[in-house]
Each structure stands twice: as C-alpha cells, then as structure tokens.
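Below you'll find the structure, written out as structure tokens, and then a few comments.
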Amino acid sequence: MKRTQKLHLAVFGCGFWAQYQTAAWQELSDQIEIIALCDRDLSRARSLAGKLGIGHYYDSPEKLLQDHSPHIVDIITDVDSHPSLAKLAADHGAHVICQKPMAASLEKAVEMTRYLKGKKVKFYVHENFRWQAPIRLLKTYLQEGLIGRPFKANIKFCSSFPVFENQPFLAELDQFILTDVGTHILDVTRFLFGEAESLFCQTQRINPKIQGEDVANVFMRMQNAVDCYAEMSYATIWEHERFPETYIMIEGSKGSLYLGPKFTISITTDEGTRTEVVPIEPFSWAHVEYALIHSSIYACNANILSELTGNGVAETTGEDNLKTLQLVYDAYESAKRKKVIHY
Ligand code: NAD
Ligand code: 89V
C-alpha cells in the first residue's frame with residue numbers, strides 16, 4: 001500500500017559518513033523526516049543535530065527508540081556494532097538500513113539477517129556503488145546488447161588516496177580493503193554480471209602502517225561465462241588516479257565498453273568509437289573529493305525509500321547483500337588457502 005504520511009527515521013552513528021548520509025536523506029524530505037540522532041559520543045550527535053536542525057539527540061540507542069518509535073533506523077556506526085544495533089532496532093519494530101559491511105563475518109551477517117526476518121521488519125544494506133550513474137549506464141548498455149555477449153571484464157578501484165585521514169579506524173582493521181571496498185566492487189560485479197561460478201583471490205599489504213591488506217585481486221568466472229578480474233588497491237600511484245572512480249572495461253562479442261577517468265564511457269564496435277561523459281548530480285553538501293559517491297548515496301536512499309513507501313522494489317536488501325558478503329569472505333579464504341572456491 002502506498003504511504004501518504006512521512007516516514008520517521010532515526011540515525012545511529014554521527015561520524016564521518018553520517019554527515020553525508022543524513023544530508024542525502026534531507027533531499028528526500030517530502031517523504032521522510034529525520035526525527036532523532038544517536039551517537040555513543042553525545043557531542044557528535046549534538047553537533048550533527050545542530051547542523052541539520054534536528055531537535056532530538058541521544059547517546060543511548062535504546063532511549064531514542066523508547067522515546068520516538070521511529071519507522072526506520074539507519075545504522076552508520078563501526079562495523080562491530082551493526083548486528084547488535086540492528087537487532088535492537090528490530091526489537092522495537094523499526095525497519096533497518098545498515099551500512100556496509102553488514103557485519104564483521106559472514107556468520108554474524110547470516111545470523112543478523114535471520115533475526116531481522118524473524119522480527120518481520122524490512123532490512124536493507126546501504127550498498128551504494130552500484131547506484132553510481134556511470135555504472136547504471138553501463139548496465140543499461142549491456143542489457144541493450146550494444147557489445148553483444150560480454151565475455152571478459154576488468155573492474156579497477158586503485159589509487160593512493162589517503163583514506164585513513166578521514167576514516168582512521170580503517171587502518172586498524174585486520175581485514176581492510178576487501179571488507180571496506182570489496183563490498184562495493186564485488187557488489188558491482190554481481191550487479192553487472194550476476195553470480196560467480198568460481199573465485200580466486202590474492203592479497204597484499206603494501207602500507208606498513210596499517211593492520212590489514214590494502215591490495216586485493218579477485219578473479220571470478222561468472223555463471224554467465226564472463227571472466228571478471230576485480231582489482232582493489234590503496235597503494236597504487238599512477239597517471240589515472242582519480243579516487244573514488246572505478247574504471248570498468250567490458251569486452252563483448254560485438255565490441256567493448258570502457259568506463260574511464262572523469263566519468264567517460266567509450267563504446268567501441270566495428271563501426272568505431274563513441275564517447276560520452278556521464279553527468280553526476282552535484283549536491284551542495286557533497287564533499288569535493290567524494291562527490292561521485294555522494295550522488296550515489298542519494299540514489300541508493302531513494303531506491304530503498306521507494307520500497308518503504310510502496311512505490312518500488314529495493315535492490316540492496318539484506319538477503320541480496322549476503323551474496324556479496326559471501327564473495328568478500330570467500331576471497332579471504334581463497335587468499336589464505338591459495339585455492340579456487342567453486343560455487
Ligand atoms: P566513524 O568512526 O567516523 O563514525 C562512526 C560513529 O559511530 C562514531 O561517531 C561512533 O562514536 C559511533 N558509534 C559506534 N558504535 C556506536 C554505538 N554502539 N552506538 C552509537 N554510536 C556508535 O566511521 P564512518 O567513516 O562514519 O563509518 C561508519 C560506517 O559507514 C562504516 O560501516 C563504514 O564502512 C560506512 N561507510 C560507508 C561508505 C559508503 O560509501 N557507503 C563510506 C564511508 C563509510
Ligand atoms: O565506501 C567506503 O566505505 C569508503 C571508501 C570508498 C571511501 O573507501 O571507505
């Protein structure tokens with residue numbers, strides 16, 4: 001049934017990413033209203049509430065839920081806290097949106113998804129990379145058959161962007177680039193080509209100051225016979241470094257598609273090459289270095305909201321995201337055991 005009244009949203013976690021996620025929600029204020037914020041560090045909740053003009057802020061998620069009974073909770077906290085906060089929200093009857101990675105292990109993610117299903121609340125993972133405009137357009141071109149049958153793809157997210165400056169906790173993760181960026185890149189792989197038939201991964205740590213791996217190379221044969229090579233690195237110094245752009249080359253029986261620097265897509269067939277620059281929605285609140293990703297968080301929010309208001313179907317459900325997480329954790333397993341995983 002379609003809703004006419006605004007949905008009430010509460011946000012848990014008021015750190016780096018919450019600033020943009022909440023601004024993106026405010027772009028949808030005709031359908032949804034942020035009614036309260038919570039951070040275990042009250043000063044962060046107070047500061048974000050002040051910026052957004054929200055009257056209620058807390059350091060206790062439980063108290064917020066008791067006082068406001070929100071329809072939805074958006075969880076933007078450290079990964080370890082996702083399962084317990086999601087369950088708490090569900091216990092209060094709220095639908096849950098959770099940042100990626102859903103949980104710090106596949107087992108925890110499966111258990112959390114099952115729990116929320118049992119509570120009969122809706123559950124979404126805020127997986128936004130597939131909502132980047134150039135990546136949506138690539139998918140449209142594939143579906144239109146512009147390059148015939150795709151047989152090979154390279155998906156590349158490689159830079160030396162100092163990501164730890166804005167997100168210091170990433171330097172302390174034992175499992176870094178596959179959980180933080182692999183969740184995005186392997187999800188984009190699934191979005192474009194469907195599910196994997198087999199997977200092999202190698203990882204490395206180049207930056208000696210961090211705990212986990214900062215380079216991961218994942219090779220997958222997809223069920224539709226596309227051979228897919230996904231590369232992720234925060235140790236790459238090169239000419240086309242333009243964080244946070246993902247470059248994607250897809251080869252097909254009748255041509256190729258290439259998403260390269262500056263959101264440029266080249267379509268090459270036996271008739272020649274046509275290029276186009278895909279426009280990115282320029283939000284006033286977007287951080288200049290993250291504008292591409294910030295336009296995708298708006299699109300991801302809008303897609304989730306369309307389902308919650310009875311106007312559409314959300315793509316990034318918890319159930320769907322478990323398939324992405326399976327690839328992420330299988331990639332670690334493959335790298336550790338130096339073996340190919342078959343599905
Ligand atoms: P951050 O450390 O800047 O912020 C996290 C906040 O959560 C902190 O203020 C912390 O005090 C608060 N918090 C932690 N546990 C809590 C609890 N139990 N109750 C209440 N508050 C709690 O981290 P961040 O960079 O904002 O990342 C947060 C999440 O967003 C992570 O899951 C991260 O992977 C994700 N993220 C996603 C994207 C994307 O493109 N989708 C980009 C950046 C971060
Ligand atoms: O999406 C993320 O979680 C980010 C970024 C892409 C910047 O690495 O950490």
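First listed ligand is number 1; within each ligand, the first listed atom is number 1. Computed from a predicted model, the values in this text were never measured in an experiment.
- With a 4.0 Å heavy-atom cut-off, ligand 1 is reached by the side chain of Ile293 but not by its N, CA, C or O.
- One finds no salt bridge joining Lys339 and Asp330 here, because no Lys/Arg side-chain nitrogen approaches an Asp/Glu carboxylate oxygen to under 4.0 Å.
- Ranking the protein heavy atoms by distance from atom 7 (C) of ligand 2 puts Phe243 CZ, 3.5 Å first.
- Residue, atom and distance of the protein heavy atom nearest to atom 4 (O) of ligand 1 are Gly15 CA, 3.3 Å.
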Candidate pair His56 and Leu64, rule side-chain contact (heavy atoms from CB on, under 4.5 Å), full reasoning: CA-CA 9 Å; His56 305 284; Leu64 181 156; over 6 Å; no

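- Around atom 30 (O) of ligand 1, the closest heavy atom drawn from His294, Met102, Glu62, Gln99 belongs to Gln99.
- Evaluated by nearest non-hydrogen atom to atom 6 (C) of ligand 1, the leading choice among Val11, Asp39, Leu173 is Asp39.
- Protein heavy atom at the shortest distance from atom 17 (C) of ligand 1 is Leu85 CD1, 3.9 Å.
- The aromatic ring centres of His294 and Trp17 sit less than 6.0 Å apart.
- For the 3.5 Å distance criterion, the side chains of Arg242 and Ser159 fail to qualify, holding no donor opposite an acceptor.
- Per-residue contacts place Asn128 under 4.0 angstrom from the following atoms of ligand 1 (heavy atoms of the residue considered): 39 (C), 40 (O), 41 (N).
- Under 4.0 Å from ligand 2, not a single heavy atom of Phe176 appears.
- Checking only distances, Tyr290 never comes within under 3.5 Å of ligand 2, N or O to N or O.
- For the pair Phe16 and ligand 1, the shortest N or O to N or O distance falls below 3.5 Å.
- Residue-to-ligand polar distances keep Asp41 apart from ligand 1: every N/O pair is separated by 3.5 Å or more.
- Contacts with ligand 1 closer than 4.0 Å are made by side-chain heavy atoms of Phe169 only, the backbone lying farther away.
- Taking atom 25 (O) of ligand 1 as the reference point, the nearest protein heavy-atom neighbour is Gln167 NE2, 3.1 Å.
- A salt bridge links Arg40 to Asp78: at least one charged side-chain nitrogen sits closer than 4.0 Å to a carboxylate oxygen.
- Checked against a 6.0 Å centroid threshold, the rings of Phe283 and Tyr290 do not count as neighbours.
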Asn321/Tyr124 under side-chain hydrogen bond (donor to acceptor under 3.5 Å, both in side chains): CA gap, chis, key distance, verdict: CA-CA 8 Å; Asn321 195 260; Tyr124 308 98; over 6 Å; no

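- Ionic pairing of Arg136 and Glu315 is present here: one or more N-O contacts between side-chain nitrogen and carboxylate oxygen are shorter than 4.0 angstrom.
- When the options Phe16, Phe176, Phe169 are evaluated for a ring pair (Phe, Tyr, Trp, His ring centres under 6.0 Å) with Phe164, the one that passes is Phe176.
- The residue among Thr183, Leu42, Thr77, Ile75 with a heavy atom at the shortest distance from atom 31 (C) of ligand 1 is Thr77.
- Taking every non-hydrogen atom of Gly13 and a distance limit under 4.0 Å, the qualifying atoms of ligand 1 come out as 7 (O).
- Salt-bridge formation is not detected for the pair Arg205/Glu213: no Lys NZ or Arg NE/NH1/NH2 atom is positioned less than 4.0 Å from an Asp or Glu carboxylate oxygen.
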Candidate pair Glu197 and His342, rule side-chain hydrogen bond (donor to acceptor under 3.5 Å, both in side chains), full reasoning: CA-CA 6 Å; Glu197 185 183 291; His342 294 278; over 6 Å; no

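- Within the structure, the closest approach of His82 to ligand 1 falls below 4.0 Å when heavy atoms are considered.
- Here atom 34 (O) of ligand 1 lies nearest to Lys100 when heavy atoms of Lys100, Gln21, Arg40 are compared.
- Scanning all protein heavy atoms for the shortest distance to atom 3 (O) of ligand 2 gives Lys100 NZ, 2.4 Å.
- Using a 4.0 Å heavy-atom cutoff, His184 is listed among the residues neighbouring ligand 1.
- Counting atoms of ligand 2 from 1 in the listed order, those under 4.0 Å from a heavy atom of Gln167 are 4 (C), 7 (C), 9 (O).
- The residue from Phe16, Phe169, Tyr234 that puts a heavy atom closest to atom 5 (C) of ligand 2 is Tyr234.
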Stepwise side-chain contact (heavy atoms from CB on, under 4.5 Å) check, Gln21 with Asn301: CA-CA 8 Å; Gln21 179 76 3; Asn301 286 0; 3.2 Å; yes

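- Comment: Lys87 engages Glu111 in a salt bridge, judged by a side-chain N to carboxylate O separation of less than 4.0 angstrom.
- For atom 1 (O) of ligand 2, the closest non-hydrogen atom on the protein side is His184 NE2, 2.6 Å.
- Scanning the protein for heavy atoms near atom 9 (O) of ligand 2, the closest one is Asp180 OD2, 2.7 Å.
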